[in-house]
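Okay, structure first, notes after.
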Amino acid sequence: MSLQKEENTLCFFINGKKVTENHADPETMLLSFLREKLRLTGTKYGCGGGGCGACTVMVSRFQPATKTITHYSANACLLPLCQLHGAAVTTVEGIGSSKTRIHPVQERIAKAHGSQCGFCTPGMVMSMYTLLRNKLQPSMDDITQALAGNLCRCTGYRPIVDGCRTFCQETNCCQANGVGNCCLSGEVNTEEPEQPQLFDKNDFLPLDPTQELIFPPELILMAETASPQTLTFQGERMTWMSPASLEELVQMKTSNPKAPLVMGNTNIGPDIKFKGVLHPLIISPTQVKELFEVTQTPQGVWVGAGCSLSEVQSLLEKLVIQFSEEKTELFKALIHQLRNLGSQQIRNVASLGGNIMSAYPNSDLNPVLAAGSCKVSVISNAGRREVPLNQDFFVSFGKTILKPEEIAVAVFIPFSRKGEFVRAFRQAPRKESSFATVTTGMRVFFSEGSRVVQDVSIYYGGMGPTTVSAAKTCAALINRPWDDENLSRAYDILLDELALPPSAPGGKVDFRRSLTLSFLFKFNLEVLQKLREMSLCLQNVIIDELPNKMQIHPLPKEIQPSLQEFQHVSNNQSNLDPVGRPIMHRSAISHATGEAVYCDDIPKTDGELFLAPVTSSRAHAKIVGLDVSEALQLPGVVDVITAEDIPGKKVRPFGGYTEELLDPLQVSCIGQLLCAVVADTRAHAKRGASAVKISYEDLPEPVFTVEEAIEKLSFFEPRRVLEKGNVTEAFKSVDRVYEGEIRLGGQEHFYMETQSVLVVPVSEEKEFNIYISTQAPSFCQEAVAETLNIPSNRVTCHVRRIGGAFGGKVTKTAILASITAVAALKTSQAVRCILDRGDDMLISGARHPVLGKYKVGFMNDGRILAADVQYYANAGNTVDESVLVAEKIVLHMDNAYNIPNLRGRAAACRTNLPSNTAFRGFGVPQSIMVVENMLNDVAMVLGRPADQIREINMYKGQSVTHYKFEFCPENLLRCWDECKLKSDYSARCKTVDQFNQQNRWKKRGISIIPIKYGIAFTDSFLNQAAALVHIYKDGSVLVTHGGTEMGQGIHTKMQQVASRELHIPPSKIYISDTSTNTVPNTCPSAASFGTDANGMAVKNACQILYQRLEPIRQKNPKGSWESWVNAAFFEKMSLSATGFYRGPDLYIDWDKMEGEPYAYFTFGACCSEVELDCLTGDYRTVRTDIVVDIGRSVNPSVDIGQIEGAFMQGLGLYTLEELKFSPSGLLYTRGPSQYKIPAVCDVPLQFNVYLLPDTYNPHAIYSSKGIGEPVLFLGSSVFFAIKDAVAAARSESGLVGPFSLDSPATPERACLACASPFTQKIPASKPGSFKPWALNI
């Protein structure tokens, strides 16, 4: 049929206001429409692929058939504008604002301290808000399900969950709100002073459903009266048609068999966005009512293929209640898969038919549907037919047996029969919101009173390009009894039948093969259990009892109330003095209402352009051609910026090396910046960048791994060495020597706000305003000035707030700012550059992967007398901060241990991967991990508990580090003892042993780990800070300082400092932004030193002003602050002051191997316990207790938030997050669908934080301590707890002693290390005989 139909007007509502769009473009998603067209910037861009939840909105629709209104959460980044006809959308701005009233959800997340950088907060708010619109009193399970699709990189989730928990019906327990001891624990000492709380739930507004926005009556009228009509929307490159009837749909599909059908856009959308797929026509059958019909028959239920997965889940849950247990086996298996398939936002829009027809090889539903003998009803011009969902249905990757013109209308899901059991299993890199590694659906049918198999069906996903049937395995089981002998044979047949080549796409080949066996074994155990339950223990059925030890129960998942203990401020502290009190982040309410402005939220200026970088697609090559002609001809493209356009320095110097801004000659990694396209819109710039043609000539032998770098002596100099004692001699006098190694993977920063910069030229004298998301405004200012060849006084960098940084917004940010500034200079227009998540991950580098090798000499009593440790860090293609990272690695290698003879060597290896950079902890998490693994090995060699070996070797009394720095470890030992006490460590070790004796396939592990972390910059000049404080005539105060606010609460703390020093309430003090024209020559906000340095500078400025007002106060001691300020003005006193702090004079002499590189140490200890499923490697952190010495906290709520957030980031580093590179050096993991950071499902079920009481620190402001980085390493307690559980599993197979477990301890590594009988069946592939799918970095 002809596509040249008249266009329709799109009509929908946003936040109660009608929106009509005459020329809706099918390529426009709701997110860009909200942000760019309507200027509703509260909804954030986080990933663009529905994987992070930052863009969550609520969609409401009227259902004429039932006369009800449905509300569901959805990702605005995947929601096509054209799909919203007749819908009402609610964004974070629509539910409340500081100008009107804030909504209870917004208030509670803010006041419970659930917001740090604030970038993810609007999405969290909208997920929770939608839940409350559907269920006024949700359960904790409802809350964790609702938040499962929302990622946060700052908080560690605990405070978000605590804020949301206050809406639960379970909140009557005093523990539910972060209060101290529970009344139920029986341990409350009534004489003890009451524990201070982080927040008081009595302060909260009640939830009043009558105050919500009503559904627009106009849309109800429209839905009830308008007869369905075909909708057509024509865009720049694409047409969107929504047929009004099934007949019309069939006709459209017949004429356009290649046009995809789009329901939820969760499959086609990412293909268009990330793979550049272009569909001239899209058919959206959302108006075709037959696709949404549900029909019950005596045999089962027909479910419309258009039903969303959430609707299918809810339907099946109702049917499970309605029908007897034996009829709903298949329904329950499908519900099990649906609960973990994608996120709530994805399930709300993705359709059942779309999920089946996309035919993903690792589909969660298809193996279960196939095993359950489901079928699909399809229609075309040729009529209707029913197609069984079986091994013939899935033809090849993403392809089914259906003809292009056929449409799936409904799916038949049969009832199960008596004696029939259906089970579904899945294993994924993360427990929720994650594509599965392997999935399976299994069904077995026994005739009554028998254990002989009548019928069996087993399907797997993730074991080939399609869903595969284990037909030979099934054939070997049919007509035979279900017993050990037959199953034993079945495992061997299955292993042969589902062979994966060692270089199979997706990698993890041994693990995937092992899972197929483990799942069949789990099915076996469940079937045996069921057979026994059905009391089929007739003489000839089942004789042997299944021992309890063999049973498998799911891992625990109930989140328990947690404790956060901190000290009251002293009784004599003034009520006006906010220091030491748990004050809410000063921007938390703005975060929660979406009013907080980030770089990309700044309104567009007239004529503003967008810049998209062009990056290298080769790792090691010469550039022989750069053709931009095609790009320049595309609509909207204005110019292409190359190295020739740079008027000033074309390189950035760092650490004795230089990095090209844009390299036109040679590339040394995939993702290197080559040129940039400037266009009128983001979409046009991206298309222009794709059209730039680059010709390469490959250079020989690229270097990717540290082993290759060592072999080729490819290092960034200098390499660093520290040594104390005589290591070589000491090895001769020890009882035992052990050598080992551990490999640590890298870690992507995954700040929620990607790299963002806006450069605005001022019309005269080459002046530029730069609005940028950076930790180092002065560094960016200097880079831009040198690049443009203008003085720094013409460049002003403004940083209002950053949506997370973690070290990743310093060096690469300056380069991106410089390139964007060149574009602004050349075009004389404002230019904006906001990296897509994939480009950001490709370009910006990550934490350094490290290979640590050690040789350790120790006595039989556990004393370590000698250790020689070598560290090799994979630096990537440029030096960046890698040599400094190597330095910090050797400086921290002693951790908490006094090893008399210790040598550490660290090298930054130069490779052809994207350059790695600073990341929270700056080498320390890698450094100490190697040493703690070494101690663990010593404990295993000696057969003793690891905590004893740690204790024996700890620093005690006045101590000296390996670089001859004196310190007192008293608080380190206090943290350790307190942690053992608070966590009830000894008793729990016994409970863990007991659990392990009672369970064969699940094991528990427990571990306790200390940390000693040096605070401040070793390069002394970086420790200085300045501040500027103005007092205005009305008594209000404006504070500016050199620190940037990135979620760590520095502005909040500076407000507290100014409040104390000026003796005025915080409400009179305002902090606007950090800018280089108010405070010059600032140092980066990094090294956990931001508050220490800037706090002292603000204190200095405020003290100067307060002293200046002293004569005025003496004249009028009873006057108000305002009267004093006013009098000072009339007496011609300056009401402005600059504060300055020199910072400590720190140094390290590498030749003498001595120095004072740190101002002081932050100490801590952490105990974690995990429960591990040995068959799949899946685990849960059951409980974590952290004790930290942070002196006197300036703000306990902010500091506890930093502790929890750092711990969760560490948990990600050591157990979850994997960067994968192809054999040619391409980063595979370029978004949240491939790269998994911790989500709500990864939070320890009980998560307790204790600030060590009665401690002081003379070296920092108000006796506090830096806390941003130290606790990240304590996430390794989860790694070592997993290793402890794995050791228990190995002992069941007769394996004892040290074993290798690299970091992260992913389910794959943990499962294979457990060495179960199933993993041992997998034949090893010979290294070198195949090309692996991914490099082992």
Side-chain angles (χ1 to χ4, degrees), residues 579 586 774-782 792 796-802 805 807 809-810 918 922 1014-1030 1037-1062 1069 1071-1106 1136-1147 1157-1160 1162 1191 1194-1195 1198 1202 1257-1269:
V579 172
R586 65 180 301 282
T774 180
Q775 295 166 251
S778 293
F779 185 71
C780 282
Q781 175 194 29
E782 190 180 311
S792 288
T796 306
C797 278
H798 300 269
V799 182
R800 190 172 190 91
R801 60 173 57 81
I802 307 171
K809 289 184 175 172
V810 182
F922 207 76
I1015 300 291
F1017 290 96
T1018 306
D1019 288 328
S1020 197
F1021 69 91
L1022 291 170
N1023 294 316
Q1024 62 184 304
L1028 178 64
V1029 177
H1030 298 319
V1037 175
L1038 181 67
V1039 175
T1040 44
H1041 58 92
T1044 54
E1045 175 58 69
M1046 47 195 162
Q1048 84 284 38
I1050 193 169
H1051 286 350
T1052 310
K1053 287 181 173 181
M1054 295 307 102
Q1055 201 173 17
Q1056 288 173 278
V1057 170
S1059 170
R1060 169 178 277 190
E1061 295 303 333
L1062 295 173
I1069 298 158
I1071 299 178
S1072 171
D1073 67 359
T1074 306
S1075 58
T1076 54
N1077 62 352
T1078 51
V1079 180
N1081 312 318
T1082 57
C1083 298
S1085 296
S1088 307
F1089 203 64
T1091 297
D1092 288 23
N1094 293 288
M1096 292 300 260
V1098 170
K1099 180 182 177 186
N1100 175 235
C1102 291
Q1103 284 178 343
I1104 291 168
L1105 287 165
Y1106 196 70
S1136 174
T1138 299
F1140 186 72
Y1141 175 61
R1142 266 191 98 249
D1145 293 320
L1146 306 178
Y1147 74 99
Y1158 302 112
Y1160 57 87
T1162 294
V1194 174
N1195 185 329
V1198 167
Q1202 285 291 291
N1257 174 31
H1259 306 289
I1261 186 159
Y1262 304 146
S1263 205
S1264 64
K1265 284 190 173 187
I1267 190 53
E1269 297 170 290

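No hydrogens, no waters, no symmetry mates; every other heavy atom, side chains included, goes into these values.
A donor-acceptor contact shorter than 3.5 Å is absent between the side chain of S792 and the backbone of E782. Within the 3.5 Å criterion, the main-chain N or O of I1071 finds no donor-acceptor partner in the side chain of Q1055. In this structure, the side chain of Q1103 does not engage the main chain of N1100 through any donor-acceptor pair within 3.5 Å. In terms of modelled atom types and a separation under 3.5 Å, the side chain of E1045 and the main chain of H1051 share a donor-acceptor contact. Here the side chain of S1085 pairs a donor or acceptor atom with the backbone of T1044 at under 3.5 angstrom. Put simply, the side chain of Q1048 never gets that close to the backbone of Q1202: no donor and acceptor are under 3.5 Å apart. The main-chain N or O of G1043 is found under 3.5 Å from a side-chain atom of N1094 such that the two form a donor-acceptor pair. Using modelled atom types, one side-chain atom of S1020 and one backbone atom of L1146 make a donor-acceptor pair closer than 3.5 Å. Remark: the backbone N or O of E1269 is paired with a side-chain donor or acceptor of S1088 at under 3.5 angstrom.
When side chains are defined from C-beta on, S1136 counts as touching L1028, because their heavy atoms get closer than 4.5 Å. By the 4.5 Å heavy-atom criterion applied to side chains, Y1141 and D1092 are not counted as neighbours. Looking at Y1106 and E1061, their side chains never come closer than 4.5 Å, going by heavy atoms from C-beta outward. In this structure, the side chains of P1084 and L1022 come closer than 4.5 Å at one or more pairs of heavy atoms. A heavy-atom distance below 4.5 Å is found between the side chains of I1050 and T1091.
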Working note: T1018 + Y1147, criterion side chain to side chain contact (heavy atoms under 4.5 Å, CB included); need CA distance, chi angles, decisive distance, verdict.
CA-CA 6 Å; T1018 306; Y1147 74 99; over 6 Å; no
Residue pair V1057, C1102: steps toward the side chain to side chain contact (heavy atoms under 4.5 Å, CB included) verdict
CA-CA 9 Å; V1057 170; C1102 291; 5.8 Å; no
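Ring-plane geometry between H1259 and Y1160 is classed as parallel, the angle between the planes falling under 30 degrees on a 0 to 90 degree scale with a further cut at 60.
The CZ atom of F1089 sits 9.0 Å away from the CE atom of M1096 when rounded to the nearest 0.5 Å. Atom CZ of F1021 is separated from atom SG of C1083 by 7.0 Å, given to the nearest 0.5 angstrom.
Minimum heavy-atom separation, Q1056 to V579: O-CG2, 3.6 Å. Contact between A1260 and S1264 at its shortest, heavy atoms only, is CB-O, 3.3 Å. When all heavy atoms of A1137 and L1105 are compared, the closest pair comes out as CB-CG, 3.6 Å. Shown here for D1073 and R800, the closest heavy-atom pair between the two residues is CB-CA, 3.6 Å. Here the shortest heavy-atom pairing between Q775 and I802 reads N-CD1, 3.9 Å.
A side-chain hydrogen bond (donor to acceptor under 3.5 Å, both in side chains) with S778 is found for exactly one of N1081, T1076, T1074, T1082, namely T1082.
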